[in-house]
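Along the sequence shown, residues carry numbers from 1.
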Amino acid sequence: MDSIVVKGGTALQGKIKIAGAKNAALTLMPATLLSEEPLTLTNAPRLSDIQTMTALLQSLGVEVTSMQDGKVQVLSSHAMTSTTADYEIVRKMRASNLVLGPLLARHHQAIVSLPGGCAIGARPMDIHVTALEAMGAEIELKDGYLHAAAKGGLRGARVPLRFASVGATENVLMAATLAKGTTIIENAAREPEIVDLAHCLRRMGAQIEGEGTATITIEGVDRLGAATHPVVTDRIELGTYMLAPVFAGGEVECIGGRLDLVQSFAEKLDAAGVAVTETADGLKVARKNGRPTAVDVTTEVFPGFPTDLQAQMMAMLCTAKGTSVLEEKIFENRFMHAPELIRMGADIEVQGGTATVHGVERLKGAPVMATDLRASVSLILAGLAAEGETVVSRVYHLDRGYEHVEEKLSAVGAKIERVAGS
Ligand code: EPZ
């Protein structure tokens with residue numbers, strides 16, 4: 001397993017190109033199942049999660065052609081061979097469950113393994129199931145697989161979500177495009193990745209209104225056609241790299257960054273004494289004067305503070321002036337980066353879903369272990385600010401969601417390298 005070695009103390013200077021959003025691509029790719037016509041995605045990120053989704057779709061008979069070093073993906077499901085998403089693939093990546101809605105909508109059946117828990121929580125699928133049953137699907141759990149069928153196809157319905165689940169909203173949105181009649185999703189998730197999915201489905205011929213608000217209305221159509229769609233910028237990668245100069249000092253311009261994608265995050269940075277400036281090409285970030293100031297953070301559904309930036313923010317607050325309180329409201333176990341940061345000299349107390357961070361002057365480099373995708377990048381960022389060398393092991397977590405992180409950071413002056421593991 002590879003490790004990444006970071007030597008702290010070098011200020012950063014330069015530009016980082018932000019890639020297409022992992023969490024948009026992972027719902028756009030299964031959308032190909034809704035049409036026998038080809039779907040072309042541009043600005044696609046080059047990540048191991050994309051390779052996992054590709055393998056899953058290919059196991060269903062979807063043709064996936066990758067071009068321009070993975071930045072363009074052409075998908076076609078005109079020759080499907082299966083509607084079963086196997087546990088071996090689904091257990092590696094929860095987003096595999098996003099084939100459920102499209103398979104039901106167009107093939108009227110699906111057998112999808114439950115993803116099982118992961119490091120950050122149990123992550124059940126009850127909201128997905130209840131919503132699709134409201135649209136006429138019969139879904140039964142057998143041997144760890146959801147066996148779903150919709151004889152005669154799905155029908156439009158009012159679908160209130162008990163919680164604004166991103167994945168459930170995506171599954172229902174895709175399913176509703178081919179359902180008979182009108183579907184109204186209430187308490188829908190409002191994340192930019194959902195807006196991006198709606199834009200893509202509309203290009204394919206879907207009739208959708210209200211994406212980005214809590215109520216999305218979809219008029220089912222008989223069939224969807226071909227489309228070409230650019231994957232939206234990755235707001236989580238953007239937020240991650242916006243923090244890099246806050247840790248290390250200097251100034252970084254995130255090319256392709258859009259303030260509307262990270263509004264609540266940018267407001268917290270402003271409160272912490274970080275200058276975020278919109279430029280013609282993206283967002284420029286620098287500390288206003290020395291160490292940032294402590295701020296309190298509570299993760300919420302969009303447009304609130306994103307849970308996927310909580311670990312990175314906690315790492316930054318470890319060396320802020322004062323005490324910060326972070327509340328993780330989305331997942332039940334998303335503080336696993338805390339013990340690793342404590343190994344680097346951070347002063348953090350975790351009580352259930354609340355972490356209290358007492359800022360210290362400086363962290364010290366140490367060997368640390370990545371536990372989940374976002375925790376791993378928070379340790380790399382901490383290494384940029386720490387005295388000495390930090391070795392982050394198990395970086396396969398990192399490769400799931402960040403394109404060549406060591407290349408992007410070394411290009412702006414960071415002393416960082418990947419060491420091949422045994
Ligand atoms: C998406 O996961 C993202 N993944 C996650 O990003 C992100 O953290 C999450 O949304 C929240 O923003 C992708 O888009 C591929 P949810 P998803 O359904 O759809 C509970 C990353 O780092 N819940 O909004 O799985 C669930 O347990 C990943 O890129 C139910 O109880 O998130 C969780 O506590 C991590 N029942 C909460 O809701 C359900 O049926 C949020 O889940 C569904 C969800």
| message | Among Arg94, Lys22, Lys92, exactly one meets salt bridge (Lys or Arg N to Asp or Glu O under 4.0 Å) together with Asp49. Which residue is that? | response | Lys22
| Between Val64 and Val74, does a side chain to side chain contact (heavy atoms under 4.5 Å, CB included) hold up when you go through it step by step? | CA-CA 6 Å; Val64 184; Val74 182; over 6 Å; no
| query | Can you list every salt bridge (charged side-chain N to carboxylate O under 4.0 Å, His left out) pair that touches residues 255-271, not counting sequence neighbours? | reply | Arg258-Asp260, Asp270-Lys288
| message | For the backbone of Ser48 and the side chain of Thr52, can you confirm whether one donor and one acceptor N or O come within less than 3.5 Å of each other? | response | yes
| request: Please test Val301 against Ile330 for side chain to side chain contact (heavy atoms under 4.5 Å, CB included), starting from the C-alpha separation and ending with a verdict. | output: CA-CA 8 Å; Val301 296; Ile330 303 296; 4.1 Å; yes
| request: Give a yes or no on whether the backbone of Ile255 and the side-chain of Asp281 come within a donor-acceptor separation of less than 3.5 Å. | output: no
| task | Can you establish whether the number of heavy atoms outside Lys329 located under 6.0 Å from its atom NZ is more than 12? | result | no
| Going by distance alone, is a donor N or O of one side chain under 3.5 Å from an acceptor N or O of the other, for Gln310 and Thr299? | no
| query | So, Ser77 side chain and Leu34 main chain: donor-acceptor pair closer than 3.5 Å or not? | reply | no
| query | Any donor and acceptor pair, going by atom type alone, linking the side chain of Thr32 with main-chain N or O of Met29 inside 3.5 Å? | reply | no
| task | Start with the C-alpha gap between Gln109 and Thr83, add the side-chain angles, then the distance that decides, and say whether side chain to side chain donor-acceptor pair (under 3.5 Å) holds. | result | CA-CA 7 Å; Gln109 64 172 33; Thr83 55; 3.0 Å; yes
| said: One pair to check against side chain to side chain donor-acceptor pair (under 3.5 Å): His147 and Glu138. What are the steps and the verdict? | reply: CA-CA 8 Å; His147 290 250; Glu138 287 168 18; over 6 Å; no
| message | Side chains of Glu349 and His358: any donor to acceptor distance under 3.5 Å? | response | yes
| request: Please indicate whether Tyr87 has more than 12 foreign heavy atoms, meaning atoms of other residues, nucleotides or ligands, lying under 6.0 Å from its OH. | output: no
| task | Mind running side chain to side chain donor-acceptor pair (under 3.5 Å) on Thr307 and Arg334 for me, showing each step along the way? | result | CA-CA 9 Å; Thr307 175; Arg334 203 168 194 179; 2.9 Å; yes
| message | For Pro292, is there any backbone N or O sitting under 3.5 Å from a side-chain donor or acceptor partner on Lys321? | response | no
| For the side-chain hydrogen bond (donor to acceptor under 3.5 Å, both in side chains) test, which of Arg46, Gln51, His404, Arg418 pairs with Asp399? | Arg418
| message | Please determine whether the number of non-hydrogen atoms from other residues, nucleotides or ligands lying under 6.0 Å from atom CD of Glu209 exceeds 12. | response | no
